[in-house]
Amino acid sequence: MQENYEVIVVGGGHAGCEASLASARMGAKTLLITGNIQNIADMPCNPSIGGPAKGIIVREIDALGGQMGKTSDRSFLQMKMLNTKKGRAVQALRAQADKVAYPEEMRRVIKSTKNLSLLEGMVEKLFTKDGKIQGIQLRDGSNIFSQTVILTTGTYLKAMVLVGSEKTSSGPHGEEPSNLSESLKELGFQLLRLKTGTPPRLERNSIDFSKTKEEPGDDKNYSFSFDQKLKYDPKNQLPCYLVYTNDLTHQIIKDHLNESSMYGGFVEGIGPRYCPSIEDKVVRFSDKPRHQLFLEPESKEYDDIYLQGFSTSMPHKVQEEMIHSIEGLEHAVIKKYAYAIEYDAIDPLQLKPSLETRTRFDCWN
């Protein structure tokens, strides 16, 4: 396979969707390459759009002609304005996204966009000539040419899933990780390791909601997109529910802290400040008697409940103890255990404000 495109976008997550749509809508012949087309716009972790800081970004994307806000407005389970008792500067719109409907809608938009092609494959190498990008090479050895390559690889670069002391070379859904890191190093990029994580998913029918506090959506219409005002029945939104950790939860975490991937020394990378694990919260905020958690529906299509705020890399047995110590979750059935994921990322100091590289060749020509 040898074909020329004006723009190649590697990765089909949120950033890859926006990059490929922006390019194609500007009239450039664009190719979006992803390891699994069904995972385009997938949300392997948080089933939400917006919130503090991120809600502003979604609105900025929309103002620039992006798609995320529009897609969210067409596929949400609940819409809520956060921090309404505080000043306007910190108020943030948050949509509880439908993890089936959102990616379906985004795939529909991408597949119907003129100038935009889709390809399922793994990019193994970037190749250059005279200090300028020339294209990419796939795992099967085929080359695709372009003088513009945009990397939106997310958590897949040399990805490693961690649970306790166990490490598995894998992406978020058990997919094979990307091996593009070696090619980036050869081109002079400095890579660093980052870490994030995801909470467990619980079976809805195993939760005692009578011991929780219901958190409904707001009783007014909101929308992320500036292009149209949504009109929907606020009473038809799905509720979330509030629960709290307690002294027993915290004691279990402290007793098993060295079994955590992070505190047991099994993690190379650093975690994001804005998304700490429950272990981090207990250690860093030891004066807090409890931490709030939210039980959030993931989709109208299935009954998994996302335990927001309970990201952890503890072994499975410890996760069970932790969860069952929480009021309302004493008999909760874990459908998917929490895990941490570690991955390669390009040192941002090697990028210009435009996100072009500062290395010896110019990715964007």
Side-chain angles (χ1 to χ4, degrees), residues 3-43 48-51 53-76 93 95 97 101-121 123 126 132-136 144-157 178 180 184 223-228 345-346 348 350-358 361-365:
E3 192 169 355
N4 287 287
Y5 287 87
E6 292 177 86
V7 177
I8 294 175
V9 179
V10 181
H14 295 311
C17 290
E18 298 294 350
S20 58
L21 286 169
S23 170
R25 288 167 175 171
M26 292 172 68
K29 183 182 178 184
T30 304
L31 176 66
L32 173 59
I33 304 177
T34 181
N36 186 342
I37 288 176
Q38 289 304 115
N39 284 347
I40 286 176
D42 181 43
M43 291 178 280
S48 69
I49 301 293
K54 293 181 287 184
I56 297 170
I57 293 174
V58 176
R59 285 252 171 88
E60 290 175 340
I61 290 170
D62 185 75
L64 292 168
Q67 187 61 39
M68 179 180 260
K70 296 179 178 65
T71 300
S72 178
D73 287 347
R74 295 170 185 158
S75 58
F76 68 90
L93 186 61
Y102 182 91
E104 281 183 351
E105 172 64 14
M106 190 64 85
R107 284 195 300 270
R108 183 194 67 77
V109 171
I110 287 173
K111 289 179 179 179
S112 62
T113 297
K114 186 179 179 181
N115 302 318
L116 180 53
S117 300
L118 280 172
L119 177 65
E120 197 168 84
V123 177
L126 302 180
K132 296 188 181 298
I133 192 75
Q134 296 295 301
I136 57 95
I144 308 176
F145 296 94
S146 177
Q147 292 187 326
T148 301
V149 175
I150 301 175
L151 301 180
T152 62
T153 51
T155 60
Y156 283 85
L157 281 185
S178 169
L180 185 57
L184 294 174
S223 61
F224 277 110
S225 178
F226 293 95
D227 292 341
Q228 60 183 11
I346 294 173
Q350 291 188 286
L351 302 177
K352 302 175 185 177
S354 63
L355 302 185
E356 297 170 292
T357 176
R358 296 182 187 274
F361 73 97
D362 189 349
C363 275
W364 279 262
N365 221 6

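Remember, it's a predicted structure, so these values are computed and weren't measured experimentally.
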Return yes if some donor-acceptor pair links the side-chain N/O of S146 with the main-chain N/O of Y5 below 3.5 Å, else return no.
-> yes

| query | So, S223 side chain and Q228 main chain: donor-acceptor pair closer than 3.5 Å or not? | reply | yes

The side-chain hydrogen bond (donor to acceptor under 3.5 Å, both in side chains) partners of T71 (sequence neighbours excluded) come to Q67

So ring pair (Phe, Tyr, Trp, His ring centres under 6.0 Å) across residues 54-73, not counting sequence neighbours, yields none

When rounded to the nearest 0.5 Å, the distance separating CG of N4 from CD1 of I144 is 10.0 Å

With heavy-atom distances below 4.5 Å as the criterion, would you say the side chains of L126 and V10 are in contact? no

Residue set satisfying salt bridge (charged side-chain N to carboxylate O under 4.0 Å, His left out) with R107, at least two apart, ordered chain then number -> none

Rounded to the nearest 0.5 angstrom, the OG1-CD1 distance for T357 and I346 is 7.0 Å

Those residues at least two apart in sequence (or on a different chain) that pass side-chain hydrogen bond (donor to acceptor under 3.5 Å, both in side chains) with R74 are E105

For A19, the side chain to side chain contact (heavy atoms under 4.5 Å, CB included) test, sequence neighbours excluded, returns V9, I150

Between S354 and E356 the two heavy atoms that sit nearest each other are OG-OE1, 2.7 Å

- Query: Would you say S178's side chain and Y156's backbone share a donor-acceptor pair under 3.5 angstrom?
  - Reply: no

Exercise. Just by modelled atom types, is the A95 backbone N or O under 3.5 Å from a matching donor or acceptor in the S48 side chain?
Worked result: no

Residues passing the ring-ring contact (aromatic ring centres under 6.0 Å, His included) test with F76, sequence neighbours excluded, are Y232

Distance col, row L116:CG vs I110:CD1, nearest 0.5 angstrom, shows 6.5 Å

Inset, instruction - Take V123 and T153 through the side chain to side chain contact (heavy atoms under 4.5 Å, CB included) test and state the conclusion after the steps. - result: CA-CA 10 Å; V123 177; T153 51; over 6 Å; no

Scanning both residues in full, the closest heavy-atom pair of S20 with C17 reads OG-O, 3.1 Å

Exercise for the section: Kindly determine whether N36 and E120 satisfy side chain to side chain contact (heavy atoms under 4.5 Å, CB included), including the steps that lead there. Expected result: CA-CA 6 Å; N36 186 342; E120 197 168 84; 3.7 Å; yes

Exercise for the section: Kindly determine whether I33 and I136 satisfy side chain to side chain contact (heavy atoms under 4.5 Å, CB included), including the steps that lead there. Expected result: CA-CA 10 Å; I33 304 177; I136 57 95; 3.6 Å; yes

Taken in chain and number order and not counting sequence neighbours, the residues that satisfy side chain to side chain contact (heavy atoms under 4.5 Å, CB included) with S225 are D62, K70, D73, D227

Applied to residues 9-31, the salt bridge (Lys or Arg N to Asp or Glu O under 4.0 Å) test, sequence neighbours excluded, yields E3-K29

Side chain to side chain contact (heavy atoms under 4.5 Å, CB included) between L157 and L184, intermediate numbers included = CA-CA 10 Å; L157 281 185; L184 294 174; 4.1 Å; yes

* To do: Indicate yes or no for a side-chain donor-acceptor contact from S72 to the backbone of M68 under 3.5 Å, with no hydrogens or angles considered.
  => no

Is there a side-chain contact between I8 and T148 in this structure, where contact means two heavy atoms from C-beta onward sitting under 4.5 Å apart?
no

The ring-ring contact (aromatic ring centres under 6.0 Å, His included) partners of Y102 (sequence neighbours excluded) come to H14

So CD of Q134 and CZ of F145: to nearest 0.5 Å the spacing works out to 8.0 Å

When rounded to the nearest 0.5 Å, the distance separating CG of L21 from CE of M106 is 6.5 Å

Separation between CD1 (I40) and CG (L32), nearest 0.5 Å, reads 5.0 Å

The side chain to side chain contact (heavy atoms under 4.5 Å, CB included) partners of S23 (sequence neighbours excluded) come to V7, A28, T30

N115 meets the side chain to side chain contact (heavy atoms under 4.5 Å, CB included) criterion, sequence neighbours left out, with A24

